[in-house]
**Q** 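The structure is given below, and queries will be raised subsequently.
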Amino acid sequence: MYDEIEQRIRDVKDFPTKGIVFKDITPALGDGKTFAEIINLFYERFKNVKIDKVAVVEARGFLLGAPLAHKLGCGLVLLRKPGKLPYESYKESYDLEYGSAMLEMHVDAVKKGEWVLLIDDVIATGGTMEAACKLVQKAGGEIVASAFLIELTFCKGRDILEKYAPVETFIKY
Ligand code: AMP
């Protein structure tokens, strides 16, 4: 269904650690038509939904979520790795498919009652996006959905995230 996009997603074995097959989206982003097609997939899915802000997960989530927020006319919220945000921030730690990590969000990035759409490139275990959901909830935000270009279904991350809000993915492996 999304052949042109799928053809430009490259499998890189044993990156960043042995046993991981990394889904490299840079060839898809590097082709203008494919990049536009990807952003359009998200746009068509969410254009008629009430969304105040699009929250994007560092780093590849930024690449998809920022153009989407612009196209939707929504504000952008950065969910960043530790120590990158300059102002007072909420913090959430989580487990990754490879290691553990933390996400941070400015305390004033989301206001109470705002509807927030969460975006990242890949869902694996769901740990990263669960931390993102918790950050938005800490600020009093409502989660519209979490949406990803790629779902690694065998990692079952969807089971965790559906406790927070609907999960939307376009390409499944
Ligand atoms: P997880 O928290 O396990 O759902 O992992 C999702 C986060 O790690 C996303 O930010 C992805 O960009 C990245 N990630 C995890 N596994 C992969 C993979 N196999 N290929 C590309 N990115 C991945």
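Remember, it's 1-based here, ligands and their atoms both numbered in the order they're listed.
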**Q** Looking only at distances, please establish whether an N/O atom of ligand 1 is found under 3.5 Å from an N/O atom of V21.
**A**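 Right, the criterion is met.
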
**Q** Would you indicate whether K138, at its atom NZ, is surrounded by more than 12 heavy atoms from other residues, nucleotides or ligands within a distance under 6.0 Å?
**A**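 Yes - once you tally the heavy atoms of other residues, nucleotides and ligands closer than 6.0 Å, there are more than 12.
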
**Q** Of all the heavy-atom pairs spanning L103 and K81, show the shortest one and how long it is.
**A**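 What the structure gives for the nearest pair is CD2-N, 4.4 Å.
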
**Q** Mind checking whether D121 contacts ligand 1 via backbone (N, CA, C, O), side chain (CB onward), both or neither, at a 4.0 Å heavy-atom cut-off?
**A**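 Under 4.0 Å from ligand 1, D121 contributes side-chain atoms alone.
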
**Q** Just let me know how D120 lines up against ligand 1, side chain, backbone, both or neither, with a heavy-atom cut-off below 4.0 Å.
**A**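 For D120, the contact with ligand 1 is made by the side chain alone.
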
**Q** Pick one of side chain, backbone, both or neither for how R60 approaches ligand 1, counting any non-hydrogen atom pair under 4.0 Å.
**A**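 Under 4.0 Å from ligand 1, R60 contributes side-chain atoms alone.
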
**Q** Of the backbone atoms (N, CA, C, O) and the side-chain heavy atoms from C-beta on, which set of D24 has a member under 4.0 Å from an atom of ligand 1: side chain, backbone, both, or neither?
**A**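 The answer is neither.
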
**Q** Near T125, which atoms of ligand 1 are under 4.0 Å from a heavy atom of that residue?
**A**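 Answer for ligand 1: 1 (P), 2 (O), 3 (O), 4 (O).
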
**Q** Need the ligand 1 atom indices (1-based, order shown) with element for anything under 4.0 Å from a heavy-atom of T128.
**A**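 Near T128, the atoms of ligand 1 are 1 (P), 2 (O), 5 (O), 6 (C), 7 (C).
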
**Q** Passes side chain to side chain contact (heavy atoms under 4.5 Å, CB included), F148 versus L161? Steps please.
**A** CA-CA 12 Å; F148 307 81; L161 294 182; 3.6 Å; yes

**Q** N/O to N/O below 3.5 Å, does that happen between A124 and ligand 1?
**A**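 Right, the criterion is met.
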
**Q** Between L79 and L118, is the side chain to side chain contact (heavy atoms under 4.5 Å, CB included) condition met? List the steps.
**A** CA-CA 10 Å; L79 306 174; L118 290 148; 3.8 Å; yes

**Q** Please round to the nearest 0.5 Å and tell me the distance separating atom NE2 of H70 and atom CG of L76.
**A**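 Taking NE2 in H70 and CG in L76, the distance rounds to 11.5 Å.
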
**Q** Could you please spell out the steps behind the side chain to side chain contact (heavy atoms under 4.5 Å, CB included) verdict for F62 and R80?
**A** CA-CA 10 Å; F62 289 8; R80 299 213 62 180; 4.0 Å; yes

**Q** Mind listing the closest non-hydrogen atom pair of L63 and I39 along with its distance?
**A**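 Heavy atoms of L63 and I39 come nearest at O-CD1, 4.4 Å.
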
**Q** Evaluate T125 against D95 for side chain to side chain contact (heavy atoms under 4.5 Å, CB included), listing each step before the verdict.
**A** CA-CA 8 Å; T125 66; D95 294 324; over 6 Å; no

**Q** Please check whether G126 reaches ligand 1 - meaning an N/O of the residue sits under 3.5 Å from an N/O of the ligand, judged on distance alone.
**A**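 There is such a contact, yes.
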
**Q** Which ligand 1 atoms, with their elements, are less than 4.0 angstrom from a heavy-atom of K23?
**A**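 The list of qualifying atoms is 18 (C), 20 (N), 21 (C).
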
**Q** Say whether G157 and ligand 1 are in contact under the criterion: heavy-atom distance to a ligand atom below 4.0 Å.
**A**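 Distance cut 4.0 Å: G157 fails for ligand 1.
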
